[in-house]
Amino acid sequence: MARIPENFVQDLLARTDLVELIDSRVPLKKTGRNYSACCPFHQEKTPSFTVAPDKQFYYCFGCGASGNAVGFLMEYEHQSFPEAVKQLAGRAGMEVPESRPETPADRQKKDRLQSLYDLLSRAEKFYCQQLRQAPEKQKAVTYLKGRGLSGEIAKRFGVGFAPPGYDNLIGGLSLTEAGLEQALTAGLLVRRDDTGRTYDKFRDRIIFPIRDSRGRTIGFGGRVLGDGKPKYLNSPETPVFHKGQELYGLWEWRQSRDRSDRLYVVEGYMDVIALAQHGVPNVVATLGTSTSEDHARKLFRQVNEVVLCFDGDKAGVSAAWRALESLLPALDDGKQVRFLFLPDGEDPDTLVRQQGPEALRALTDKADALSTYLFRHLSEGLDLATVDGRARLARLALPYLDKPAGPVYRALLTQELSQLTRLDKESLTQLKPAPKTGPAPAPRPRPEPAPHDDFMPMDGGESMPPPDDYYPADNHYSPRPPSRPARYQDGSRKGPMTLPERLVLVLLDYPELVEAHPLPDGVELLPMPHIDLLIQVAGLCRQNHGPAALLGALMALEQGETLSRLLKASLKPPMQKEMAARLWQDALSQLEVARLEAALHEMEQAGIPDTAQWQELHRALAEARQHARQPLN
């Protein structure tokens, strides 16, 4: 298959009105210079989906969905890239051309992944067929009926059966030698190291297909029939399956068109299916792992409220605490987490089957909010009527106050701890553990800014002082990396943007700046946060001259948290072009100074330097510093 030329895609995007395209599917409302609506990609009650007509770009502040016209069709109508381009070309009256064929490496990688998807799909059909036809099927059918599953719900979730025996799948799929290797890669087979024998991984088990966000089968879970161990068995990590990132039942819930703004997280496949059958479709399960930060971010992209269901025993309490620690960094303002501990002997399946979905919802209304559970768990065994008990609670809780992503949520946690400990918020702030850093160098005076640096208009003319990191390394290179904004466990962070981030934001509005004033050579060696992102975006600016094409290419970069933050900022009014050009040129001068200081430091650390080269570096550094201090014309 030939590739679609990039210049054609750019031309197509330039001829496409994104507002008109989206409005024909999701009614938009004018809000200032942009348009808004409730997001079509997750459940919400208040609009957080924004379309910027000047940039021909959309962004959801709730779930993070973003892209251009091609990306919207791919996500909204589940199309491939060529299909989306073809549909837009038809609307614009254009023919889709073809250029050079895919390279052998491109084709090999694509074919290798597609062969795994195809093989996993064939395996799913085989297991479903065995549930109807295998001689040993009756015990599987009896088990499923005993759990109250109907044939319709089993079909919807693709439930199957792996018969006992070691080569049923191998024979059923007629695997060749090459097919055996593929099946091993896909996690369908196992090979013994001592004998080299290859056999089916799943045997005598109920089979549950695991699907990705596009509905493709990427792995399987198997529940044993009888007393075998382990009770549940999952596919191993493969090129298409990463269990720490996937949620069982998420695709099925999205297909149900349920509009709930709440998702239940349970422990087992059967709980998900049984609850869906009894009127609670908004249920997912982790795949034999604790709820991770990746899970948390994926959940909050879908809904605003997450309810974690646990057994009330010691193991359930331990699992709940691990989940809390994973969820905190992803908890933004407007998001909510509840911890639902089930009565002894109950699981979500039995509860709903015996008492109906209303019983589950009633328990949910009484479930602990995350803040309640956090302080209750930390207070266990403490007497808060005493000074000692309150002091102990303060020390235990302080490390958790800065973990949530939302500033309002952090403030409310601090306020609640203040009430419990009778310490005012200022005292709690002073008691927070200081970040662990090495000994700081003696402070050096910051150079006087040039007149044009005093204030940088942002957001359409509002004045704000330069960011703290506007002068890299205070014009004196240090071997330590520049100080980074405070980070949460999931990699997100608070605080001001780094200098490279601000320069990326400038390029999003004025990509032509990089042509007139390119980045200095060697900046990739600077130990500066997000310098790699700045270099990537600068390169994209040369390849994508239109805003929509640039933003579309930007979404392919693997820097999700940083890009999300920058895209939110890019929807605000940009600074004036003259001021943006001044900021860009001045920042380049500072980057050149930092680069030369780094080179000089490296030379001195290496031992006795080459005298001529050392003098040349000193001369270049002095000139660069002098240039950086001069006001721009």
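The figures here come from the full heavy-atom set of this structure, side chains too, leaving out hydrogens, waters and symmetry mates. Fair warning: this is a prediction, and the values are worked out from it, not measured in the lab.
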Taking side chain as C-beta onward, heavy atoms only, is [X] less than 4.5 Å from [Y]?
X	Y	answer
Arg322	Thr291	no
Phe375	Leu417	yes
Phe126	Leu188	no
Phe300	Leu327	yes
Val337	Leu331	yes
Tyr400	Leu328	yes
Pro164	Arg203	no
Leu382	Asp388	no

> Any sub-3.5 Å donor-acceptor pair from Asp333's side-chain atoms to Tyr409's backbone N or O?
Replying inline: yes
Interatomic spacing from [atom1] in [X] to [atom2] in [Y] - rounded to 0.5 Å:
X	Y	atom1	atom2	result
Thr185	Leu189	OG1	CG	9.5 Å
Leu275	Met270	CG	CE	10.5 Å
Leu225	Thr142	CG	OG1	9.5 Å

Counting heavy atoms not belonging to [X], are there more than 12 under 6.0 Å from its [atom1]?
X	atom1	result
Asp194	CG	yes
Glu152	CD	no
Arg216	CZ	yes

May I ask you to decide if the ring planes of [X] and [Y] are parallel, tilted or perpendicular, using 30° and 60° as cut-offs?
X	Y	result
Tyr58	Phe41	tilted
Phe220	Phe202	perpendicular
Tyr373	Phe341	tilted
Tyr269	Tyr248	perpendicular

>> With side-chain contact (heavy atoms from CB on, under 4.5 Å) as the criterion, how do Val224 and Ile206 come out once you've worked through the C-alpha distance, each side chain's angles and the decisive distance to 0.1 Å?
In response: CA-CA 7 Å; Val224 72; Ile206 301 291; over 6 Å; no
Any donor-acceptor pair under 3.5 Å linking the side-chain atoms of [Y] with those of [X]?
X	Y	value
Glu44	Ser48	yes
Asp258	Ser260	yes
Asn304	Lys335	yes
Glu237	His242	yes
Gln354	Thr350	no
Ser115	Asp118	no
Thr414	Arg410	no
Glu293	Ser326	no

Charged N to carboxylate O under 4.0 angstrom, [X] versus [Y]?
X	Y	answer
Arg376	Asp368	yes
Glu246	Arg211	no
Asp204	Lys139	yes
Arg147	Asp349	yes

> Lys231 and Arg223: which non-hydrogen atoms are nearest, and at how many Å?
Replying inline: CE-NH2, 3.0 Å
>> Cation-pi check for Tyr199 against Arg191: NZ or CZ below 6.0 Å from the six-membered ring centre and within 45 degrees of the axis, yes or no?
In response: no
> Listed by chain and number, what are the ring-ring contact (aromatic ring centres under 6.0 Å, His included) partners of Trp251, not counting sequence neighbours?
Replying inline: none
